[in-house]
Amino acid sequence: MLKSKTLGTAMVLIFSVIIYPQVALSDGFNGEDFLKWPRDSQNSLVTYSITMTAIVASQVHQDIATCIDDWYPPDGRIKQQRQGFILDTIRSNPSYHPQAVILAVLQQQCGSFGRQTD
């Protein structure tokens with residue numbers, strides 16, 4: 001059990017370093033820069049970020065992982081709607097790193113990644 005929690009904690013820390021390579025509100029790369037990318041590249045970053053978040057969540061918060069999988073299906077019309085929603089949210093918050101906005105949307109939809117309670 002301790003080994004599992006240690007692994008989960010390590011994965012969250014590693015993921016945090018990957019997803020937050022800069023401060024969320026940054027003078028470097030931000031949503032304004034991201035929105036200049038081609039739409040396919042934007043969609044790829046959104047999908048990659050959500051997939052990685054769900055993988056980490058599956059190790060520490062299975063209920064959140066399930067919610068993410070349900071909220072952002074692998075394909076189809078709902079996925080396209082969710083991508084549009086996320087891109088609109090990034091447009092509304094262009095000073096923030098796009099991955100910070102994606103994580104905020106996921107937490108709004110599925111719950112906080114705060115401390116593990118079990």
Side-chain angles (χ1 to χ4, degrees):
M1 183 70 163
L2 181 60
K3 185 176 180 180
S4 172
K5 285 185 179 185
T6 303
L7 176 61
T9 301
M11 289 183 72
V12 168
L13 290 173
I14 290 168
F15 181 70
S16 296
V17 170
I18 291 169
I19 198 165
Y20 288 113
Q22 304 168 4
V23 191
L25 180 59
S26 65
D27 293 327
F29 180 74
N30 59 28
E32 185 176 349
D33 300 320
F34 170 74
L35 292 168
K36 294 175 185 172
W37 291 7
R39 181 67 184 248
D40 286 347
S41 297
Q42 294 172 9
N43 289 339
S44 292
L45 180 87
V46 169
T47 298
Y48 171 77
S49 297
I50 292 173
T51 299
M52 293 308 297
T53 303
I55 289 169
V56 171
S58 72
Q59 299 301 306
V60 293
H61 293 289
Q62 186 59 50
D63 56 329
I64 293 176
T66 300
C67 177
I68 291 170
D69 289 343
D70 292 343
W71 188 79
Y72 194 79
D75 53 30
R77 185 179 54 82
I78 292 174
K79 178 180 179 178
Q80 291 174 354
Q81 289 173 343
R82 303 296 197 234
Q83 285 174 331
F85 175 75
I86 290 169
L87 293 176
D88 288 344
T89 305
I90 293 170
R91 263 185 221 93
S92 298
N93 299 279
S95 298
Y96 291 89
H97 195 287
Q99 290 177 319
V101 175
I102 293 166
L103 183 59
V105 167
L106 292 175
Q107 289 191 81
Q108 179 183 34
Q109 297 299 318
C110 295
S112 174
F113 277 82
R115 299 182 79 178
Q116 187 175 1
T117 57
D118 61 342

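Taking each heavy atom of Q42 and K36 in turn, the nearest pair found is NE2-N, 4.3 Å. Residues Q99 and S49 approach most closely at NE2-OG, 3.2 Å, considering heavy atoms. The minimum heavy-atom distance between I64 and C110, with the atom names listed, is CG1-O, 3.6 Å. Nearest heavy-atom pair across A54 and A65 is O-CB, 3.7 Å. Summarising the geometry of Q107 relative to F113, their closest heavy-atom pair is OE1-N, 3.0 Å, with the distance given to 0.1 Å.
Taking the side chain as every heavy atom from C-beta outward, I102 and T53 never approach each other to under 4.5 Å. Between L106 and W71 there is a side-chain heavy-atom pair separated by less than 4.5 Å. Inter-residue side-chain proximity for I86 and Q83 is flagged as unmet; no heavy-atom pair is nearer than 4.5 Å.
R82 contributes atom CZ, which lies 9.5 Å from atom CZ of R77 (distance to the nearest 0.5 angstrom). To the nearest 0.5 Å, atom CG of residue N93 and atom CG of residue D88 are 11.0 Å apart. From L103, atom CG reaches atom CE of M52 across 13.0 Å, with rounding to the nearest 0.5 Å. Atom CG of L45 is separated from atom CG of D40 by 13.0 Å, given to the nearest 0.5 angstrom.
A distance-only check finds a donor-acceptor pair linking the side chain of D33 to the backbone of N30 [under 3.5 Å].
Under the 4.5 Å side-chain heavy-atom criterion for ILVMFWY residues, a single connected hydrophobic cluster contains both F85 and L87. Grouping the Ile, Leu, Val, Met, Phe, Trp and Tyr side chains by contacts below 4.5 angstrom, directly or via other members, places I50 with W37.
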Between T47 and K79, does the side chain to side chain contact (heavy atoms under 4.5 Å, CB included) criterion hold? Intermediate values first, please.
CA-CA 9 Å; T47 298; K79 178 180 179 178; 3.5 Å; yes
